[in-house]
Structures are given as C-alpha cells and as structure tokens.
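Each chain gets a letter, A, B and so on, in the order the sequences are listed, and its residues count up from 1.
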Amino acid sequence: MTALKSKWQEYIYNAITAAATKAGVDAGIDSADKIMVGNPPKPEMGDFSFAMFPFAKAFKTAPTAIAAMVVSELESNTEVIAAGSLSTAGPYVNVKVDISDTASEVLDVVISQGEEYGKVETLAGKKIMVEFSCPNTNKPLHLGHLRNDSIGACISRILDAAGASVMKVNLINDRGIHICKSMLAYKKFGGDTRPESEGVKSDHFVGNYYVKFDQWSKEDEKAIEGAQKMLQDWEAGDAETTELWRQMNKWTIDGIEQTYKATGISFDKVYYESNTYASGKEEVIKGLEDDVFYKEDDNSIWIDLSDIKLDKKVLLRGDGTSLYMTQDLGTAIARHTDWPFDQLIYVVGSEQQYHFSVLFHILKKLGYKWADDLKHLSYGMVNLPDGKMKSREGTVVDADDLVKQLTGLAREEIVSKERGDEVDDLDTTAHSIALGALNYYLLQVTPSKDMIFNPAESLSFNGNTGPYLQYMGARISSMLRKFEEKKVDFTGIEADASLLTVEEEKEIIKMLISWPEKVEQAAAEYNPSCLTAFMYELAKTFSRFYHDNPVLKNENKQLAVTRLKLSSAVLQVLKNGFSLIGIPFLEKM
RNA sequence: GCGCCCGUAGCUCAGCUGGAUAGAGCGCCGGACUUCGAAUCCGUAGGUCGUAGGUUCGAAUCCUACCGGGCGUACCA
C-alpha cells in the first residue's frame with residue numbers, strides 16, 4: 001500500500017509540474033514525497049485524495065480549476081488510466097484504485113509471515129531498557145500499579161516489535177523510611193502473627209501494618225522518630241533490624257510476584273534499591289569532592305539547580321541516610337554499566353516529572369554522557385468517578401481484588417450464556433477475559449492523560465472493550481474450525497482476491513496493509529492507544545462485513561475460500577495486536 | 001507565586017506532523033436471532049471542540065492571553 005501510495009504521489013507530482021510548466025509557473029514543490037495524501041471522507045469517493053489548495057498561490061488559480069487541470073493531465077497518461085479511476089470533488093482530486101493485486105499480495109504476506117507480520121525495523125539495533133512497576137515493599141499493588149504495569153509491558157513489546165532489543169527491568173523499592181514504618185508497626189503490634197497464621201496474602205499482611213503505622217503516628221509523635229531511628233539502624237546494618245526487614249520484604253515480594261503472575265507481568269532483570277543506594281551515596285560524595293554539590297551546616301548534601309531555573313535539592317540527609325534521589329543515581333549508573341543502553345525509559349507517574357528532570361540533570365553534571373538517553377515516560381493518574389483514590393478513605397482499588405472481581409464476572413457471563421461446557425476451561429477462560437478487559441481498558445487511553453476508572457464500565461464486556469475483540473477472534477476461529485471439518489469440499493479451489501468487491505472487504509484490506517505503520521507509530525509515540533483504536537476498527541469492520549456477507553456458507557465456493565483467507569488474515573492481525581496489548585487470545589469463549 | 005499536563009456529545013475516550021459534513025463506546029429511543037457464535041449487527045437523537053484573539057486559502061489541531069481542573073514545587077517515594 002505504501003508502494004501504491006508513493007506511486008500515486010509520483011503521478012500527481014508529475015501532473016502538477018507538467019500543468020505548471022504549461023501555465024508558465026513554478027509549482028513550488030520539488031519532490032513527489034511532499035505531495036500530501038489524504039483519505040476521502042467516504043470510501044465510495046475513492047481510496048486516496050489529493051488537495052489542491054497548496055498550489056493555488058503558485059498557479060494564481062482557484063484550487064478547483066487546478067484539480068481539473070491535474071485530472072486532464074493524468075488522463076493523458078495511459079499508465080495512470082490503467083492504474084485507477086479519477087474524479088474531482090471541488091478542490092480535491094480523488095483516486096479510486098483497483099486494489100485486487102495489492103489485496104492478493106497482502107493476504108499472502110499476512111498469512112505467510114504470521115505472527116511476524118507487523119514487525120518493523122525502525123529501531124533495529126537499538127538497545128532499550130524499560131523500567132516499570134517499581135513496587136514498594138510495604139504494601140500490595142493497587143490500580144495505579146496496574147496502569148503502570150500495563151503500559152510498561154506493552155511499550156516493551158511494541159519497541160521489540162519495532163526491532164529494538166529490549167530489557168525489561170524492575171526496581172524494588174525495598175528500603176527507606178516508608179519501609180521502616182510497616183516494620184516498626186509490625187514490631188509493635190504484630191506479636192507472633194504471620195501471614196499464614198492469619199490466612200492473609202503476604203503482601204496484604206504487610207500492607208495492613210503500614211496502615212496501622214499511619215493511625216499510630218497520628219496519636220503518637222514517637223512513631224515517626226522510631227521510624228527514623230530504624231532507618232539509621234538499617235543503614236548501619238543492625239542485625240535484628242536487618243532480619244525483620246528481610247522477613248517482611250520477602251512477604252511483600254512473594255505476594256507481589258503472585259500478582260505479577262496473575263496479570264502476566266515479567267521482567268528480564270530485577271534491581272533492588274537496597275543494593276544500589278550505597279553506590280548512589282558514593283556518587284554523591286564524589287560529586288561533593290568535585291564541587292558539583294555542596295554541603296550544608298547540618299552535613300546534608302545538596303545540589304543547586306538555579307542554572308536550570310529550579311530550586312535546590314537535597315541528595316543525602318544530615319544523618320548520612322539516603323533518599324530517593326540518592327538511590328536512583330546509583331541505580332541508573334549500575335544499569336548503564338550492566339547493559340550499556342541506547343535508551344532507558346522510566347515508566348513512572350506524571351507526579352514525578354520534577355524528580356526525573358532533576359535526576360537526568362544531575363547525571364549529566366556528574367559527567368555521564370548517556371544522561372541524554374534517559375526518558376521519563378510519564379503517565380497520568382487513575383482516578384475514580386467520584387474523585388481520587390485515597391487510602392485514608394479506603395477507596396484505593398486493590399489490584400488483586402480487581403482481577404478477582406473481573407474474573408468472577410467473566411465467569412458468570414460464560415455461565416449465563418450456557419457456554420460453560422463449550423469453553424476449554426472455565427476458570428482459565430474467565431481469567432483470560434478479565435485480563436483482556438483490564439489491559440484494553442487501561443491502554444486505550446493515551447498514557448500522558450489522567451483517566452477515570454469506572455468500575456462498572458471496566459467490568460462491561462460489550463462495546464469497545466477487550467472482550468469484544470476476543471469475541472471476534474473466537475468467532476473467526478470458530479468459522480475456521482468449521483472450514484477444517486469441511487475441507488474436502490473445497491479441494492483444488494484457490495482464493496482469488498479480485499472477487500473481493502464489497503466495500504467492507506476493501507476497507508479491511510486497507511487496514512491489514514496499514515498494520516505495520518500502526519506499530520511504527522505506536523513505537524514512535526510510545527503510545528499503545530493507536531493500536532487499540534486500530535484493532536477495534538478492524539474488528540468492527542470485519543464484524544459488519546461478516547454479519548451481512550456469507551463466508552463459509554457462500555454458494556460460490558471460490559468466493560468462500562477467498563473470504564476465508566481474508567478472515568484468517570484478519571484473525572492473524574488481531575492476534576498480533578492482542579499479543580502487543582496483552583489480550584489473551586481465545587479459540588472459544 | 002512558579003513549572004508541567006489537561007479542557008472534544010449526558011458519561012468515558014479517539015482525532016492534534018493544519019485540509020472535505022468533528023468520530024467511537026456507554027447511556028437513551030427504535031429495529032434484527034429457523035441462518036457461519038446476539039459478548040453481535042443496524043438505525044434515531046445528542047457537540048458554537050473551555051473562552052477570546054492571532055497566523056493561514058483553510059484551525060479541534062499551530063501561537064498568545066484568559067477561565068476552569070490536575071500534578072509538582074518534601075531531609076516521602
């Protein structure tokens with residue numbers, strides 16, 4: 001299709017320059033690829049459109065007249081006439097092309113390339129590290145983490161599809177004052193209890209003590225002091241503190257890993273802040289010696305950011321303990337040493353934009369040239385219909401609960417449709433539908449925007465949703481199964497793309513052709529939502545086509561075979577999209 | 001105060017490297033199951049694209065100001 005497109009750009013370009021020469025003017029355009037190609041508002045008007053407005057000035061003529069000139073110029077070329085039919089619509093030149101050759105080609109390409117179709121080379125040879133998730137070890141995952149995980153995992157797959165070599169990394173936030181808070185609360189109120197003894201999932205068990213600390217600290221100022229003291233003990237390597245820390249971290253991480261498993265999240269390498277903060281500290285001290293930083297009277301170490309019109313920022317506390325920035329410095333440096341990347345993408349919420357601009361700036365000041373290759377892929381907050389999630393008001397949507405709830409509803413849906421016996425495994429299928437719904441819901445919104453998570457809507461399986469796409473996949477699969485059963489009736493019959501004359505068929509062909517471009521765009525913009533939009537359009541167009549036009553049941557067997565080929569190409573592209581977005585493909589549902 | 005982001009249909013979102021009548025889902029109302037899976041399909045209604053200027057042949061899209069909302073501006077992460 002791109003070949004087709006550039007061919008027409010060439011035709012139009014030649015026609016315009018020829019017309020310009022005849023009119024004795026300079027068309028003001030020097031290459032065919034500068035010709036803008038558009039899509040007519042209605043498919044019956046044509047496949048490509050070319051607006052003549054830009055040439056009005058050079059020709060000193062109304063665009064409508066130029067369109068007429070261009071068309072008459074094109075009609076004198078027999079090659080052009082053979083390639084398509086022309087029409088003018090006011091200032092536009094519209095072209096309707098015969099796409100049967102292209103159709104035949106794209107169907108073959110999609111089917112022979114299979115899951116490779118849509119892989120592109122725009123990032124070939126690039127090493128890209130993607131950091132996402134980054135849980136704290138003091139509480140379980142919530143809805144915000146789910147958006148982070150969805151975006152991070154999806155972007156990783158998209159970059160991979162664009163040819164990059166991708167390393168997915170996690171950073172476990174396992175040290176710091178907030179970690180000490182849940183530890184201290186457990187020490188004070190926990191007694192001999194353990195997750196198993198209470199029958200609570202281990203990360204939730206720890207999270208409950210974090211909540212308890214919050215209540216306690218409101219009544220007793222000593223709570224905060226105690227946490228600070230504990231942090232000092234921890235950094236000093238106090239045995240008892242370290243032991244408690246180890247135990248509680250294990251509980252949280254075990255629990256979070258169960259959640260990752262349930263949501264299909266994985267990493268190539270996991271970093272722990274407890275391993276990198278020390279090198280961050282050294283880096284800060286080195287920077288102090290090199291006069292990049294300065295020391296306050298209380299021994300805290302700072303950077304002056306007035307050169308980039310920001311304030312100043314503390315990098316190390318007066319008591320010598322580390323901060324978020326300290327450890328992020330150490331982590332970044334460790335990563336570049338481990339795997340010298342061309343780009344490192346931090347998938348982190350937009351509330352940390354300031355943090356990252358400072359972090360990147362500091363690394364640059366410390367002399368790391370690769371600081372320019374760091375990118376903060378910032379995403380917006382997830383809010384609820386009645387406002388923000390607030391832990392104090394108990395409105396935080398817990399990740400495990402949400403997945404469980406979605407799975408339960410999907411299960412009910414299957415049962416109520418009496419498909420329980422049809423599907424391969426009820427629980428697995430229900431879970432797959434839940435994941436499809438969740439990932440699609442979270443990824444259809446442009447990452448940079450805040451979004452509202454409407455539980456009722458996200459739980460719906462109708463309309464523009466993941467399960468709708470899964471359903472179309474299952475429908476096509478079902479049809480292909482039926483074809484396999486009756487295959488003998490079709491032996492020796494070859495597909496013929498010139499039979500695809502219905503408007504929807506043409507639209508579908510054009511969409512199939514544009515799939516690789518969509519992947520390219522998604523990678524260039526770090527935006528999965530252009531893929532979700534495309535997939536929905538494709539599924540919907542196919543659905544409309546399928547509703548009105550018999551495929552397998554067509555009396556014309558050759559048309560049946562051709563449409564089957566078209567259907568399986570649609571299924572292939574949908575499946576390729578599914579794997580990028582994180583929608584499990586289901587043969588039956 | 002300063003910095004960044006966002007204002008598109010009742011609600012949730014697309015569209016934003018400027019181009020023909022601004023799209024979809026949900027919801028509302030109305031149709032289609034003896035037919036390849038109705039988790040489907042079709043149709044109706046619903047928008048001065050926050051406001052005002054500017055650039056342009058042409059602006060939801062680019063620029064400026066203002067209004068409204070969010071986030072940040074922590075020795076939290």
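- Note on A/Met451: only backbone sugar-phosphate atoms sit closer than 4.0 angstrom, heavy atoms only; bases stay farther off.
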**Prompt:** How does RNA chain B look in dot-bracket form if you count Watson-Crick and G-U pairs under 3.5 Å, write [ ] for pairs that cross, and put | where a base pairs with another strand?
**Reply:** (((((((..((((.....[...))))..((((.......))))......(((((..]....))))))))))))....

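- Between the side chains of A/Thr252 and A/Asp203, no donor-acceptor pair is found at a separation under 3.5 Å.
- Checked by atom type, the side-chain pair A/Ser378/A/Ser350 shows no donor-acceptor distance below 3.5 Å.
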Pairs under 3.5 angstrom only: tabulate donor-acceptor contacts from the side chains of residues 57-64 of chain A to other protein residues two or more places apart or in another chain.
| residue | atom | partner | partner atom | Å |
| --- | --- | --- | --- | --- |
| A/Thr61 | OG1 | A/Phe59 | O | 2.7 |

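- Separation of the C1' atoms belonging to B/rU48 and B/rA60 is 12 Å when rounded to the nearest angstrom.
- Among the atoms of the strands shown, only primed sugar atoms or phosphate atoms (P, OP1, OP2) are found under 4.0 Å from some heavy atom of A/Tyr468.
- Comparing B/rG37, B/rA74, B/rA77 against the side chain of A/Leu323 picks out B/rA77 as the nearest.
- Residue-level contact check: A/Glu587 touches the bases, meaning some heavy atom is under 4.0 Å from a base atom.
- The gap from the C1' atom of B/rG46 to that of B/rA24 amounts to 14 Å, rounded to the nearest Å.
- A donor atom on one side chain and an acceptor atom on the other are found under 3.5 Å apart for A/Asp174 and A/Ser274.
- Side-chain atoms of A/Asn94 and base atoms of B/rA20 include a donor and an acceptor less than 3.5 Å apart.
- At a threshold of 4.0 angstrom between heavy atoms, the contacts of A/Leu310 with the nucleic acid are absent.
- Among the atoms of the strands shown, none is found under 4.0 Å from any heavy atom of A/Ala62.
- Counted by atom type alone, A/Gln352 and A/Tyr324 present one or more donor-acceptor pairs between their side chains at under 3.5 Å.
- Distance from the side chain of A/Pro550 is smallest for B/rC36 among the nucleotides B/rC36, B/rA39, B/rA77.
- Here B/rC36 presents its C1' atom at 15 Å from CG of A/Leu566, a figure rounded to the nearest Å.
- Within a 6.0 Å radius of NZ in A/Lys375, other residues, nucleotides and ligands contribute more than 12 heavy atoms.
- Of the candidates B/rA74, B/rA39, B/rG72, B/rG72 carries the atom nearest the A/Glu351 side chain, counting heavy atoms from C-beta on.
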Under-3.5 Å N/O pairs linking protein and nucleotides 24-30 of chain B:
| residue | atom | partner | partner atom | Å |
| --- | --- | --- | --- | --- |
| B/rG25 | OP1 | A/Lys540 | NZ | 3.2 |
| B/rG25 | O2' | A/Asn464 | N | 3.3 |

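- Listed candidates were B/rC36, B/rG70, B/rG7. Nearest to the side chain of A/Lys449 is B/rG7.
- Using modelled atom types and a 3.5 Å distance limit, the side chains of A/Trp8 and A/Ser6 yield no donor-acceptor pair.
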Could you list the donor-acceptor pairs under 3.5 angstrom formed by side chains in residues 526-535 of chain A, with sequence neighbours left out?
| residue | atom | partner | partner atom | Å |
| --- | --- | --- | --- | --- |
| A/Tyr526 | OH | A/Gln343 | OE1 | 3.3 |
| A/Tyr526 | OH | A/Gln343 | NE2 | 3.1 |
| A/Asn527 | OD1 | A/Ser529 | N | 2.9 |
| A/Asn527 | OD1 | A/Ser529 | OG | 2.9 |
| A/Asn527 | ND2 | A/Ser529 | OG | 3.3 |
| A/Thr532 | OG1 | A/Ser529 | O | 2.9 |

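- In the model, A/Asn170 has no side-chain atom that pairs as donor or acceptor with a side-chain atom of A/Glu131 under 3.5 Å.
- Taking atom CG of A/Leu443 as the reference point, atom C1' of B/rU12 lies 16 Å away to the nearest angstrom.
- Within the 4.0 angstrom heavy-atom criterion, only backbone atoms of the sugar-phosphate kind lie near A/Lys57; the bases stay farther away.
- Atom CZ in A/Phe55 sits about 16 Å away from atom P in B/rG19, given to the nearest Å.
- In this structure, NE2 of A/His547 is placed 8 Å from P of B/rA38, rounded to the nearest angstrom.
- The side-chain ring of A/Phe53 is stacked on the base of B/rG19, judged by centre separation under 5.5 angstrom and plane angle under 30 degrees.
- Counting any heavy atom pair closer than 4.0 Å across all strands shown, A/Pro54 reaches a base atom.
- Nucleic acid contact for A/Val445: sugar-phosphate only, since backbone atoms but no base atoms lie under 4.0 Å from a heavy atom of the residue.
- Residue A/Met589 is classed as a base contact, given a heavy-atom separation below 4.0 Å to a base.
- Under 3.5 Å, the side chains of A/Asn148 and A/Tyr379 contain a donor-acceptor pair of N or O atoms.
- Taking every side-chain heavy atom of A/Tyr92 into account, B/rA20 is the closest of B/rA14, B/rA77, B/rA20.
- A/Arg475 places its CZ atom 6 Å from the P atom of B/rG37, with the value rounded to the nearest Å.
- As rounded to the nearest Å, B/rU51 and B/rG10 have P atoms that lie 13 Å from one another.
- Atom pair A/Asn39:CG and B/rG15:P shows a separation of 16 Å (rounding to whole Å applied).
- Looking only at atom types and distance, the side chain of A/Tyr210 has no donor-acceptor partner in the side chain of A/Asn136 under 3.5 Å away.
- Neither OP1 nor OP2 of B/rC5 sits under 4.0 Å from any side-chain N or O of A/Ser448.
- For A/Arg175, taking side-chain heavy atoms from C-beta onward, the closest of the listed nucleotides B/rA77, B/rU12, B/rA20 is B/rA77.
- Computed from coordinates, the A/Leu480 CG to B/rG37 C1' distance equals 13 Å when rounded to whole Å.
- The residue A/Lys482 sits close only to the backbone: its heavy atoms come under 4.0 Å of sugar-phosphate atoms, none of a base.
- When heavy atoms are screened at a 4.0 angstrom cut-off, A/Asn549 is found touching base atoms of the nucleic acid.
- Taking A/Trp245 as the reference, A/Trp234 meet the ring pair (Phe, Tyr, Trp, His ring centres under 6.0 Å) condition, with sequence neighbours excluded.
- Nearest nucleotide to the side chain of A/Tyr354, out of B/rU12, B/rG72, B/rC36: B/rG72.
- Contact annotation for A/Leu552: base contact, defined as any heavy-atom pair under 4.0 Å involving a base atom.
- Base engagement by A/Ile414 is indicated by at least one non-hydrogen atom pair under 4.0 Å involving a base atom.
- A/Tyr471 has a side-chain polar atom (N or O) that falls below the 4.0 Å cut-off from OP1 or OP2 of B/rA39.
- Distance check on atom P: B/rU34 versus B/rG47 gives 37 Å, rounded to whole Å.
- Out of B/rA14, B/rU40, B/rC42, the shortest distance to the side chain of A/Arg544 is found at B/rC42.
- The side chain of A/Ala533 lies closest to B/rA14 when the candidates are B/rA14, B/rA77, B/rU21.
- A/Lys588 comes within 4.0 angstrom of a base, heavy atoms only.
- Residues A/Ile433 and A/Ile414 meet the side-chain proximity criterion, which asks for heavy atoms closer than 4.5 Å.
- Across the P atoms, B/rG43 and B/rG23 are found 14 Å apart, a figure rounded to whole Å.
- Taking atom C1' on both nucleotides, B/rC42 is separated from B/rA38 by 13 Å, rounded to a whole Å.
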Which atom pairs, one a donor and one an acceptor, fall under 3.5 Å between side chains of residues 482-489 of chain A and the rest of the protein, sequence neighbours left out?
none

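- In this structure, the CZ atom of A/Arg419 is 14 Å from the P atom of B/rU40, given to the nearest Å.
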